[in-house]
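Sequence lines set the chain letters: A, B, ... in the order given, protein chains first and strands last, and positions in each chain run from 1. Heavy-atom basis, side chains included; hydrogens, waters and symmetry copies ignored.
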Amino acid sequence: MSQKVFALVDCNNFYASCEKLFRPDLKYKPVAVLSNNDGCIVARSKEVKALGIKMGVPVHQVQEQIKQHQIVCFSSNYALYADMSQRVMSLLEAEAPEIEIYSIDEAFLKLTGVEAVEDLLAFGQRIKAKVDQCTGITVGVGIAPTKTLAKLANHAAKTYPATGSVVNLMDPARQRRLLALLDVSEVWGVGRRLSKRLQEQGIHTALDLADTDPKLVRREYSVVLERTIRELNGISCLSLESLPATKKQILCSRSFGSRITERAQLKEAIAKYVTRAAEKLRAEGCLARVLQVFIRTGMFNASEPQYRNALTIELTQPTDDTRAFLKAAFQLFDKLFRPGFRYAKAGVMLTDFYSSHAYQADLFHTDAVGDHGAALMAVMDNINQSGHGQVFFAAQGLAPEWSMKRQFLSPAYTTQWSDLPSVR
DNA sequence: TCTGGGGTCCTAGGACCC
DNA sequence: TCTGGGGTCCTAGGACCC
């Protein structure tokens, strides 16, 4: 049996790179992409990284540097990034026997058996060149016998220019040399809390972790970290998931562009999130039985009165009908709302999913909101996806003043209409 | 003044049952 | 006075990921 081979292909500075693609004048300029409401920095070009500006910092904390270094900021333009992502992924799909799209900017490839036909390093260099040539997006490629090692190989590809952004980490001796150089916090699955605990126990490098007894780690930490140790030692525990997993929950929530104090406005926001969540649910081909609504004030100002609360309801039967969710959400909202607070965020979560197909036998079951529900929802979804306009329930309100801030949005270069500011 | 959103998995602890 | 033990299911919260 031949050893497994995984590659991790990861786009460099993806959101910032997408923005630069259509602005050649910014090629060597510092570019940052902001989170919703233009609140935090969520992506940085390499020039911005070089200035020492950290991922996730609030924009207002680095306003001085932005001005001083003339950093060009963009509001996040997900329609653009999703479209560029698709182009990159379809190129990878054409080259690799099997692919798992892991996130908008990275994919695992299964290359087991490829080495019989083509040198692995040469394969990596070839797909890198192809993506670069066809999309203008630069990627790093890490190749290794496990996903966790492929992640680290990719990290090395990005860190050390001499690698040409492609690293083949199939050789165990080479694995150990790299692990010794890397801080334990660089390991996939080791976050802030865990790395602090590990450091306190004298486990500093990735190699220290790899050499820890997995049984002991299982007892004192978790099965997850135990698996990570095995993966660091070249034993593959995480397989390629080429079919996207069906969702188990759908969450729609937003911080408001400005604080909400009015009951009616908050209710509109809830209606909007319910509508969006139900759309996502139908796109998944699912029905949901459980709905949760939450509201909360700002968290960062201690002097301001705080209130946060959530309520959950179980519907009598699973549905994907926006109207049934709206009705239930409003019931929850009426119990949840307290006047006298400045609300900063609200959200809606759907859980307890069923396949719509499995429930077709129940079509004749009359639901609370009457017949033709499925047909009505389908018509609405069709119109809203057509790019020719929007239909929605009056409960959502029209162009509300609390809408998300997106002051620096780039144009829809590659898509039409699909992400109008303030609409979704 | 100004601090994102959307997910997954695991675990601990309570409720309940026999 | 003495007051078991083990199993399941559910939920909330923690930790992690991008």
Problem set entry | Of A:Lys248 and A:Arg259, the one whose closest DNA chain B nucleotide lies more 5' | A:Arg259

Problem set entry | P spacing across the pair C:dC18 / B:dT3, given as an integer number of angstrom | 25 Å

Exercise. With a 6.0 Å cut-off on ring centres, are A:Tyr413 and A:Phe22 close enough?
Worked result: yes

Seminar exercise, completed: Rounded to whole Å, NZ of A:Lys345 lies from P of B:dG4 at a distance of 7 Å

Exercise. Is the distance from OP1 or OP2 of C:dC16 to the nearest side-chain N or O of A:Arg227 less than 4.0 Å?
Worked result: no

Problem set entry | Under-4.0 Å side-chain N/O to phosphate OP1/OP2 contact, A:Arg197 with C:dA15 | no

Exercise. Going by distance alone, is a donor N or O of one side chain under 3.5 Å from an acceptor N or O of the other, for A:Ser410 and A:Asn77?
Worked result: yes

For this session: Would you please classify the geometry between the A:Tyr15 ring and the A:Tyr81 ring as parallel, tilted or perpendicular, with 30° and 60° separating the classes?
Result: parallel

Seminar exercise, completed: Per side-chain hydrogen bond (donor to acceptor under 3.5 Å, both in side chains), A:Glu226 is matched among A:Arg219, A:Arg218, A:Lys215 by A:Arg218

Exercise. Which heavy atom of A:Ile295 sits nearest a heavy atom of A:Tyr307, and at what distance?
Worked result: CD1-CE2, 4.0 Å

Exercise. A:Lys280 side chain N/O closer than 4.0 Å to the phosphate oxygens (OP1, OP2) of B:dG7?
Worked result: yes

Exercise. How many Å lie between CD on A:Glu314 and P on C:dC9, as a whole number?
Worked result: 16 Å

Problem set entry | B:dG4 phosphate, OP1 or OP2, under 4.0 Å from A:Ser76 side-chain N/O | no

Problem set entry | side-chain N/O A:Ser253 vs B:dG4 OP1/OP2, d < 4.0 Å | no

Problem set entry | Watson-Crick or G-U pairs under 3.5 Å in DNA chain B, rendered as dot-bracket with [ ] for crossing pairs and | for another strand | ....||||||||||||||

For this session: Identify which nucleotide among B:dT3, C:dC18, B:dG5 has an atom closest to any side-chain atom of A:His60, counting heavy atoms from C-beta outward.
Result: B:dT3

Exercise. Toward the 5' end of DNA chain B, which comes first, A:Tyr221 or A:Ala245, by nearest nucleotide?
Worked result: A:Ala245

Exercise. For A:Asn301 and A:Ser303, does a side-chain donor sit closer than 3.5 Å to a side-chain acceptor?
Worked result: yes

